[in-house]
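Each remark here refers to the structure printed beneath this line.
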Amino acid sequence: MSNGELRLPTGGRIDRAQPLRFIFDGAGYSGYAGDTLASALLANGVRLVGRSFKYHRPRGILSAGAEEPNALVELGNGARREPNLRATQIELHDGLVASSQNRWPSLDLDIGAINNLASRLLPSGFYYKTFMWPPSFWHFYEHFIRRAAGMGRAATEPDPDRYDHRYEHCDVLVVGAGPAGIAAALAAGRSGARVVLCDEQQEMGGDLLASMALIDGAPAADWVARALGELGALPEVRLLPRATAFGYYDHNAVAIVERVADHLARPGPGLPRQCVWHVRARRVVLATGAIERPLVFRDNDRPGVMLANAARVYLRRYAVACGRRAVLFTNNDAAYGAALDLRAGGMDIAAIVDLRADPKGQRTEAARAQGLRVLAGRAVIGVQGSKAVSGVEVARLQDDASAAILDREQIACDTVLMSGGWTPTIHLFSQSGGKLRFDTETAAFVPDRATQALRSAGACNGATRLSDCLAQGAAAGAAAAQDAGFAAAAPPLPELDPDLDEAPMRHLWVVPSDAPVGHKGKHFVDFQNDVTAADIRLASREGYRSVEHLKRYTTTGMGTDQGKTSNVAALAILAEATNASIPQVGTTTFRPPYTPVTMGALTGRTVGPLLEPARWTPIHRWHVRTGAVFENTGQWQRARYYPMAGEDMHAAVEREVRAARNLVGLFDASTLGKIDVKGPDSARFLDLVYTNSWSKLAIGRSRYGLMLRDDGYIYDDGVTTRLGPEHFLVSTTSGNAAPVLSFMEDLLQTEWPHLKVRLTSVTEQFAVVTLSGPMARRLLAELTRDIDLSPQAFPFMTLRAGTVAGIPVRVFRVSFTGDLSFEIQARASHGLALWHACLAVGEKYGITPYGLEAMHVLRAEKGYIIVGQETDGTATPDDLGMGAMVAHAKPDFIGKRGLKRAELLRPERKQLVGLRLADGEHKPLPEGAHLVNDPGLPPPMPMLGHVTSSYYSPTVGAPIALAMIKNGRARMGEELYAPLPDRVVRARVVAPCFFDPEGKRLHG
Amino acid sequence: MLLIACPWCGPRAELEFRCGGQGHLTRLTDAMEVSDAEFARYLYMRDNPKGWHYERWNHVNGCRRWFNAVRHTVTHEFHATYKPGEPKPDLPRS
Amino acid sequence: MDSKGMADAIPRLGALDHLGLAARAHGEKGAAGVRLAERRFLAKLNLRGDPNDHGFMGAVASVLDGFEPRIIPNTAVHTGRFDLLWLGPDEWLVVAADGAEAELEARLTAAVAPHGGTVTDVSESRTTIVVSGPNARDVLAKGCPLDLHPRAFAAGACAQSLVAKVGVILHRTDTAAPGEPARFELHALRSFADYLWRFLDDAGQEYGVTVMEG
Amino acid sequence: MHKTDGDRRVTRYSIFSLARNALKYHEDWPQAWRSPEPKPSYDVIVVGGGGHGLATAYYLAKEHGITNVAVLEKGWLGGGNTGRNTTVIRSNYLWDESAHLYEKSLKLYEGLSQDLNFNVMLSQRGVVNLAHSEHDMRELSRRVHALRLNGIDSDVLSREEVQRLIPILDCSSGARFPVHGASIQRRGGVARHDAVAWGFARAADARGVDIIQNCEVTGILRDGGRVTGVETTRGTIRANKVGCVVAGHASVLAAMAGFQLPIESHPLQAMVSEPIKPVLHTVVMSNAVHAYISQSDKGELVMGAGIDTWNSYAQRGSLFIVEQTVGAVCELFPLFGRLRLMRSWGGIVDVCPDASPIISKTPVEGLYFNCGWGTGGFKATPGSGWVFAHTIAQDRPHPLNAAFALDRFTSGALIDEHGAAAVAH
Ligand SMILES: Cc1cc2nc3c(=O)[nH]c(=O)nc-3n(C[C@H](O)[C@H](O)[C@H](O)COP(=O)(O)OP(=O)(O)OC[C@H]3O[C@@H](n4cnc5c(N)ncnc54)[C@H](O)[C@@H]3O)c2cc1C
Ligand SMILES: NC(=O)c1ccc[n+]([C@@H]2O[C@H](COP(=O)([O-])OP(=O)(O)OC[C@H]3O[C@@H](n4cnc5c(N)ncnc54)[C@H](O)[C@@H]3O)[C@@H](O)[C@H]2O)c1
Ligand SMILES: Cc1cc2nc3c(=O)[nH]c(=O)nc-3n(C[C@H](O)[C@H](O)[C@H](O)COP(=O)(O)O)c2cc1C
Ligand SMILES: [Zn+2]
């Protein structure tokens, strides 16, 4: 067929003034603005658009909407390649590039189609039954199975587009903008309520856009336009086209994905590609319509077999005839309307094959009256043609619908339009927790009892007539607004054509053919996952009778369409096979998303640099300029070391450590947590949360504290200083700043509300600069006039306030390096100035900034622990040699009882020790290495413990390590072994302090 | 995506809160007297009903206050949220 | 610690100084839908006390131009010189001009301490980002789960919540006068301010972003 | 070829039986398991027809000769967490007790398809745990060293090695959480979750076990301190030994027997993308960025998340957990941004304070509990069944599960595996 041949000369909602070019599988085509890729392909006579998942059968376009199982294409190239998109939902834009998938070398000639020939060996679950021998060969088989996996291909480069999230609150959310949804939005919107109306299609109107109905005497689409105009003008109403509600969560939270820019050939600057709206609605109206069901007959998957209503949509909305000559195959009245529409649009209707023996009713009569050939009590028992339909075989059904071999007739056609009834779109209702009811007449699950504040209206609620849809919508919209506190009323119904009566449907879930089902050809139920009626019967025969087993064994409904067209038929066939009713069988669970949502949109804007806040200290700028190498510690980015030209980490760290030991080092300690504790009961409170005692701590003095959890294990540590009689400053580890505050707040608010204590985080109020090393005092003396730095006037573990370099500060004489240290606390905005001042004056003293790594070495030399490194949530104070810090005499403190449990008192617990390596070992042990008594034993080896910290110590001139070792303190001098992957290292247990054990430097 | 009514700030998104597990648990005042088994019960044994649950929440990204709630662990419905110190509300039927 | 005196001569570094906002700042509003500004170094005090204690409430009023702290959640008082934001049932944030903190802390402490109140200087802990312009609400909605619609968040409202991954104290500071666009002050912890700014700047691109003087 | 035993007919699965049945249009396959009516009493009742319960029944029959066993399942077998987990299998746990238990399980997995005559598609494609900081590296190294000395395969990978192994992973230093390195357990991987349940069910059934679906236990009958049977929606069933393996519902069952457990039930979510051609050939986990991911043999990316912090018995959770997980995955694999999420779901996991399971006798004589596997018990399915069968049959724990008894909460000898369990799996 040549291009454009099936496009009707007039009509449709496309913009003929805007022709667009696009490419499919390398060939150029044209379409119009307003087309979908599917409508444009159909207009160009393209039928074969894809290959099925398992058997690689040729497939065409089945539907006109979100339910499409077949026409999946890849869009774009390279970084923007996107697989598995439904051609029926892709809005055409100029220059669009699409291609078919899951075929090789080409769509037309696909080697994978061999699977179709071998399909007898590949029934449901075949892989569970084979590929087991020889045992080691699964990997080999899997290699081939994986090759066949998947449909489209992922992009090859990072996604260059941006996505957004947005929170929205409204009184009434209406999902679906067909007649029901629009009527609901009008009723609610007019009351002044905040209303959001969303629809997944580019154009709102739902079924009315393809309808021949007259409303108020004019085409239905005119009513739509008028209503949307009114809604658009209401200030509190938000219209969201191209927006799919994909998830219904607790407490009326509905997630909607809006395709903001996908339809634009050249999106505007700053525009996100897609946006996920997190809507919190006081009330929700679901007006999501219904999906037409296919019929299950032999080879019902041939390109050219379509849903009847889809053909109508293509004709009316896109002015495309889906073919030239169609056979309609139906079990209900709706197809008759479609047939008349299609004929009016110029399609040749060869026949209407109706499963019902004696269809009566106004619609049938009308069709007959217009000369359509109606073949009642008959069925399409097979489809001819492979890559395109060339005809059908029709036969009369036996009374018991067994095998149909009477009155066989071939009818030539290029299109088969099937109509198996309607499935209400209850996905969101069901996700919300709503209970379903099975309606036998229409063989459909419909909403029964809602468990959230929502209402259903229109076809998704089981309504079929336009009048009912409009009335239900208006009533639901008004009631929803009333519930939200607005004076709303349902507007009167517009004037409509009189309703036609409808004859009952006939449910024949598997249409027989001239051979037993499964013996010849295939009766597809789930087109996307290639599940046939025979597969379902096989599964039930093998005992997979729960609908959930059926689903998982056959993969029915597990494709990208999530079974939108296959669900009911699968249940019904299972019900028949197990002699159960459909409601007894039940449905599988509806889960978000309603249709697949890009992972980019779910991620939103917080990717890359916005993934997680990077927290910087007030001195960060200097670290950056100096070329520091940074380390992530939680959200903080801290300087790890400051390499000079040509230095690697080891060289830099060694230099920094030596300087801090021999001269003076400068360290940015701003990240330590700081909690301001005020109130008359502050000391009592601290007595309760720390193991040690605070009541007697003098004002201006500091003390190191250990904090346990109730179970007795160490939670945090830090130095706390008494600033006043009722005022303390607690410091916490950097990583625990927020959790510790919250832990303390919890206790205060819920356990001890009688204590008069107030906690405020002041972590960020202050920058902290540490001067450490023998020259620290001389250096600082040059910067301050108002603080007497002499050891007598300013002893270890005390605090002085004053100025340094003219900056108001608090100076703490605490030390984490084991050397003479001053921790200077200034207002955050003064931090950098303070740092610069220290550097400037310190030059002559050889001041050297040191980073986190050197700090770790310095403290390890001294044997100071780091919570989270020496401890792992299973260490007690005694394990760390800090048993003396536990004031057992206190009547209570957090962890007191926990410490008394058998496990925590057990001898043989791991204890903190130091390790020195055998002579000649220059490389530090890897942190995490385990120690054993006898490295000669085969695994599993009894292990004694592990290395928690390990460094090369410039001060000692050799590697040192801290370790937690079973009964470690009793092992002083023992030789242990660390078996590493490449060698065994011998280590001697020593005290966990390698530098100045008497503390002369500290107190000096 | 729960909507949680902080007794002070009003209904807010779940994102602002952290759940603190079973409510109305009080620290043992006589911890040193109780047996290991009783202490273990206090530390680790938790109500975990399928149905209404007394629990505590912290409005971490809000007023930082702890409060109590009665929530259904199947429907996730909140029956009540209330301030610490206020009495345990009765459970709704069902 | 006294921040007065000599310290005035010390260069101060603001939380967002590295972004060079001053250089980017425009006087005029232009066509941009979103206007962003930083107000550096506002004085901020955390005030705690019992709102049922008349003595405490009176003591606060005696210092803050006669205004008592709000007991209605999610609301703020603007006295002309001070903003007094409700943070919790016994907690408020007092916001005042740069440099006011030391004296204010001393005066407030003296007034409330006898009534069991406490005051803590947190001026440096947080900086303040101002979001205004016709699309101010839109850009905030991209990260903040609060309902900022005027019906739900009236002029003068304040709340603590999140914007993207940052905890903020959010204060609507416009007066809802006709024609006056919405204006929000976001007090965020200093080390999160960079992230918050970048997020707002990025999210605002769709509407156009102008940087304003603080 | 057909073995008949009452109404039990078993066909051995193989390529030959498949071909033979193909000739008959597959109309002759027997049921994989029967659906018998419950008998009035059994030697052992196993409550819970998930993988662990079915494995318990299978090993009771196979290893201990106890075949008069019923598995009672309130819904459909395998419909609990077994049917909704992300199928990651590994044994790289920190503490000796766990390492040995999970390793036993992995060893059983390695011969499971043949043992059960049901292909569970164990795919030992390697499990990679990423480290994004020095702290991560240290933790990971501790675990690797311990594992090696325990005789369990485990290696540390450098950043370059990680990049070579997983080319599409963003290992650039500019990443917000740059990859520092990783550990790998090459024998780790995935298996087909449903097949594990079905395979155990079929094999247990073949040995005479009654698998009774749609049978909810509503009460636990006791006489003095002894269990005597259970009350169910299908009547009373007697047994002197009852093993409860009900995952998220453990507390509910314990309440029926009159005691509490140190367990809370939380929703844990997982999700799959649309199927795509294979691009990811190992399992990748990241605690810091907080997600883990593998690609199934059908082509979907299978992704896992963290738990919702609140207790729940609803198999659903909050969207922001899904968003956070997907965001983490896109951060690690920036080219996945245009792939689409096809389905998300939740399970109810039973979480212990130390992130380790309970496989134990209880205060009630003859009543045994196997629970607390939380976010990571699929990998333990055969091993858990194996030791639990032993515990029930012998009325005392096997050395492999002795440390996992309830009394550890009293003594304080917890087995803290938060590090190894971390981001839920
Ligand atoms: C999303 C998710 C991802 C996970 N990912 C992994 C992973 O990657 N790797 C891993 O190792 N583990 C993972 N897990 C954990 C793993 O799934 C579980 O630990 C494991 O499957 C538990 O198996 P089970 O047989 O004990 O429980 P289940 O499979 O839950 O079986 C328990 C059964 O008990 C039944 N039951 C409950 N109450 C009653 C009653 N009163 N009467 C009768 N029957 C009852 C239930 O219906 C259920 O079928 C994951 C879990 C989830 C939810
Ligand atoms: N038997 C029947 O049920 C039947 C048969 C044929 C025609 N109709 C006609 O169909 C119309 C039904 O009206 P209606 O308003 O109930 O449905 P509709 O089909 O007209 O509108 C539903 C709308 O909801 C949208 N939608 C569905 N799911 C969505 C989601 N998750 N997010 C966003 N949008 C979503 C669809 O795009 C569609 O526009 C009536 O005109 C009726 O006569 C009904
Ligand atoms: C490893 C794994 C892979 C899955 N793959 C798919 C899939 O390809 N398609 C699908 O629809 N669901 C898939 N699911 C999800 C199931 O459909 C289902 O959601 C899950 O088993 C939980 O059950 P429920 O949703 O019925 O409660 C998968 C689940 C698991 C555990
Ligand atoms: Zn609050």
Side-chain angles (χ1 to χ4, degrees), chain B residues 1-27 29 47 52-92, chain C residues 46-52 69-76 84-93 118 120 122 125-126 140-149 151-154 156-172 186-189 191-192 195-196 199:
Chain B
M1 303 292 265
L2 310 181
L3 183 67
I4 303 168
C6 169
W8 291 280
C9 304
R12 296 286 188 88
E14 181 187 338
L15 280 175
E16 293 183 3
F17 298 86
R18 197 173 56 222
C19 185
Q22 183 180 339
H24 297 283
L25 267 178
T26 41
R27 252 190 106 238
T29 47
D47 287 348
W52 293 108
H53 184 36
Y54 291 99
E55 59 192 19
R56 7 183 270 133
W57 288 82
N58 186 208
H59 195 184
V60 266
N61 290 302
C63 66
R64 297 196 297 131
R65 292 302 177 281
W66 283 89
F67 59 91
N68 291 318
V70 186
R71 189 180 56 91
H72 198 281
T73 57
V74 180
T75 65
H76 299 166
E77 181 194 340
F78 279 93
H79 169 59
T81 53
Y82 51 104
K83 298 170 186 171
E86 290 181 354
K88 246 176 154 170
D90 289 338
L91 294 182
Chain C
N46 181 286
L47 169 69
R48 307 284 297 265
D50 178 0
N52 299 316
R70 296 299 296 263
I71 50 172
I72 301 171
N74 307 324
T75 60
L84 188 51
L85 281 61
W86 183 93
L87 298 183
D90 67 347
E91 185 172 10
W92 298 264
L93 186 74
T118 55
T120 307
V122 292
S125 292
R126 292 176 186 265
L140 286 173
K142 291 187 180 192
C144 181
L146 289 175
D147 185 358
L148 297 177
H149 189 278
R151 287 182 190 170
F153 205 76
C158 70
Q160 298 184 75
S161 185
L162 290 163
V163 173
K165 300 187 177 178
V166 180
V168 294
I169 301 169
L170 208 119
H171 181 197
R172 180 171 165 202
L186 276 52
H187 307 288
L189 286 178
S191 66
F192 288 97
Y195 177 93
L196 180 59
F199 177 84

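Note that the structure is predicted; figures quoted are calculated from it, not measured.
If you tally non-hydrogen atom pairs under 4.5 Å between each of Pro89(C), Ser161(C), Pro73(C) and chain B, the highest count goes to Pro89(C).
Listed for the Asn61(B) side chain is no donor-acceptor partner under 3.5 Å among the backbone atoms of Gln160(C).
Ionic pairing of Asp147(C) and Arg12(B) is not present here: no N-O contact between side-chain nitrogen and carboxylate oxygen is shorter than 4.0 angstrom.
Remark: Leu87(C) CG to Cys63(B) SG distance equals 9.5 Å, nearest 0.5 Å.
You'll find the side chain of Asp90(C) reaches within 4.5 Å of the side chain of Arg65(B), heavy atoms only.
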